[in-house]
Amino acid sequence: MCHAAIIGNGIAGITAARRLRALRPDWRISVISGESRYHYSRPALMYIFMGHMRYADTKPFEDRVWADERIELVRDWVTEIDVAASRLRLHAGGTLAYDKLLIATGSQSNRFGWPGQDLRRVQGLYDLIDLHTLTENMRDTRRSVIVGGGLIGVELAEMLHSRGVHVTMLIRETDYWRNVLPAEESAMVSRLIRHEGFDLRLETRLAEILDDGTGAAWAVVTDRGERIEAQLVGLTVGVSPNIDLVRDTAIKAGRGVLVDESLRTNVDNIWAAGDCAEIVRPHVERNLLQQVWYTGKAQGRVAGEAMAGVETRYEPGIWYNSAKFLDLEYQTYGDVRPNPRDGERHLWWEHADGRKGVRLVCDSAGVFIGLNTMGVRYRHEVCEGWIRDRRSIDDVVAQLPQANFDSEFSRRYESEIAATMREQTR
Ligand SMILES: Cc1cc2nc3c(=O)[nH]c(=O)nc-3n(C[C@H](O)[C@H](O)[C@H](O)COP(=O)(O)OP(=O)(O)OC[C@H]3O[C@@H](n4cnc5c(N)ncnc54)[C@H](O)[C@@H]3O)c2cc1C
C-alpha cells in the first residue's frame, strides 16, 4: 500500500490530506505536526488570547473526522528528511518511511540578528507555542514594545492593549505598513493606532534589546538613541518560509521550497505547498511565494491531487486579502501597489470621518486592475469579476454600488464616491 506522509497540519497540509483521501481510498495517509494534534485556524490566535473564542471552536473539523477518514495524526516534530531512503526522523525517536511526501511546514517569524533578540520575554506571534509563551510573559508585563508593522504587529498590539499593557510600536517606514499600503490607507491606519492609545514611533528602528541581568528583556534602545522600558518585546517583522528541514538535503530551496506548477520539488516523490513553497513558473521571471490562508488551501488541494497522480496545476488567480486593523476592516483585490507605477492611475475617496476609504486602480489604458477598501466591505465575486473581465475604470465607477454589502452605505455615499472618482478620471 502506498504511504503518503505530510509534514504540517496547517491549512495546506490538511487540505492535501483530505483531497488525497477522497482520490485514493486505499492509501495510507499520515500527517505529522509538532504544534498541535488537530488542525486549527491560525488567524484565530488573537481571538483565543482575548477570550473571544475557545480553542476548541477554532478547529474547523470534529476530532472524529480523522479516524473516519483514516488519516493518521502523529504529534511530533520531524527532525530530518532522509531523501535517499524516503524516511523521516522524528524528535521523539523512531522513523517513518514514506512513498510520497508533502512538505507543508508553513512560515517562521523573522529575526534580524538584533543584540538581545534571544532574551526571555522577546517573542514573535506565529503559533500556539508563542501564544503560550505570551500568556506566561504577561505576568510581569506593564509596558511592551512591538517592532515592525504589518498585520501581525497590530494584532499583537491589540492583544496586549486588551490586558492593559502599554504598547509602543517601532515602525521603520514613514507610516504604518507603507511598504504595502498606499499613503492614504497607511495614514488612516497610523491615525487609528494612535487614537487607540498606542505610542506609534515612525521611522524608528530597533537597535538593541537590554538584559535586566537575569537574561530577560527590560528595555529597548532605538536607532535614535532613545531607551524605552519594555518587559515584553514583540518581534513582528514579517515571516519567511520555514525551510529548515530541506537545508542540506537534495531538495532545492530558494526563499521557499522550490516547486513547479504541480507543486512537485526537484525530487520525484516530494511536493511542497502553502507558506513554505516557492513556485517556479515557466516564462514568469518572479517566483510565487504566497503566505495567506486561502492560497494555502488552494495549494493544498493541488498538492493532494498531484500526489494522487492526477494531472493538475496551481493557478494563482486574482490576488485577494482581507484583514482587520483594530476595528478597521481592510480588503485588497488585484494589483494595488503602494505607489502608482508609470501610467497607472489611483483614484481615492475618503469619508470625512477618516475611517472609510475606497481606492480604484487602472492601468495606462484605463483598464481596472485592482482596489482597496478601508472600513467598507465589498463583494468578492463582483470585484474579482471586474478585474477578470478587464472592465474599464468608467464602468467600475458607474457600477460601484453593486459591490457594496451595505445597502444603507451605498444609498448614503455611493454618489459621493462616484463623483469623487469621476473627477479624478478627467
Ligand atoms: C497571527 C497570524 C494571523 C494571521 N491572520 C491571517 C488572516 O487573517 N488571513 C490570512 O489569509 N492569513 C492569515 N495568516 C497567515 C496564515 O495563517 C498562513 O498563511 C497559513 O496558516 C499557512 O498555512 P500552511 O498550512 O502553509 O502553514 P502553517 O499554518 O504554518 O502550518 C504548518 C504546520 O507545520 C508544523 N511544522 C513545521 N515544521 C515542522 C516539523 N519539522 N515537524 C512537524 N511539524 C512541523 C507547524 O508547527 C505548523 O503547525 C495569519 C498568520 C498569523 C501567524
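Counting from 1, the numbers follow the sequence of the chain as shown. All ligand and atom numbering here is 1-based and tracks the order in the structure. This one's a predicted model, so the numbers in the text were calculated from it and none came from an experiment. Atom set for the values below is all heavy atoms of this structure, side chains included, hydrogens, waters and symmetry mates excluded.
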How close does the nearest protein non-hydrogen atom get to [atom], and which residue and atom is it?
| atom | result |
| --- | --- |
| atom 52 (C) of ligand 1 | I152 CD1, 3.7 Å |
| atom 44 (N) of ligand 1 | G34 N, 3.2 Å |
| atom 23 (O) of ligand 1 | I11 CG2, 3.4 Å |
| atom 41 (N) of ligand 1 | V78 O, 3.0 Å |
| atom 25 (O) of ligand 1 | A12 N, 2.9 Å |
| atom 35 (C) of ligand 1 | S33 OG, 3.6 Å |
| atom 49 (O) of ligand 1 | E35 OE1, 2.7 Å |
| atom 26 (O) of ligand 1 | D275 N, 2.9 Å |

Residue selection (non-hydrogen contact nearest [atom]) among [options]:
| atom | options | value |
| --- | --- | --- |
| atom 1 (C) of ligand 1 | E80, E155, Q299 | E155 |
| atom 17 (O) of ligand 1 | R42, Q290, H91, H39 | R42 |
| atom 40 (C) of ligand 1 | W293, W77, Y40 | W77 |
| atom 8 (O) of ligand 1 | G274, P43, G153, G8 | P43 |
| atom 27 (O) of ligand 1 | G10, G106, S41, G300 | G106 |

Is ligand 1 under 4.0 Å from a heavy atom in the side chain of [X], in the backbone, in both, or in neither?
| X | value |
| --- | --- |
| A104 | backbone |
| M46 | neither |
| N242 | side chain |
| A323 | neither |
| T295 | neither |

Min N/O separation Y294 to ligand 1 under 3.5 Å: no
Closest approach of T133 to Q123 (non-hydrogen atoms, all atoms of both residues): C-OE1, 3.6 Å
Nearest heavy-atom neighbours spanning G234 and L156: CA-CD2, 3.8 Å
Beyond-backbone contact of I251 with I103, side-chain heavy atoms, under 4.5 angstrom: yes
Sub-4.5 Å side-chain heavy-atom contact between M307 and V302: no
I want to know whether F61 and W66 have ring centres closer than 6.0 Å. yes
Below 6.0 angstrom between ring centroids: does that apply to H166 and F198? no
From the list R64, R21, R19, R18, salt bridge (Lys or Arg N to Asp or Glu O under 4.0 Å) with E69 holds only for R18
Report the relative orientation of the aromatic rings in W349 and Y413; use parallel for angles under 30°, tilted for 30 to 60°, perpendicular for over 60°. tilted
Y333 and Y320 aromatic ring geometry - parallel, tilted or perpendicular at 30°/60° bounds: tilted
List ligand 1 atoms under 4.0 Å from [X], heavy atoms only on the residue side.
| X | answer |
| --- | --- |
| D76 | 43 (C) |
| L245 | 41 (N) |
| Y126 | 28 (P), 30 (O), 53 (C) |

Test item: E384 side-chain N/O and H380 main-chain N/O as donor-acceptor pair under 3.5 Å: no
I'd like to know whether NZ of K59 has more than 12 heavy-atom contacts from other residues, nucleotides or ligands below 6.0 angstrom. yes
Flag yes if more than 12 heavy atoms outside R89 fall under 6.0 Å of its CZ atom; otherwise flag no. no
Taking only residues at least two apart or on different chains, which pairs with a member in residues 147-171 satisfy salt bridge (Lys or Arg N to Asp or Glu O under 4.0 Å)? none
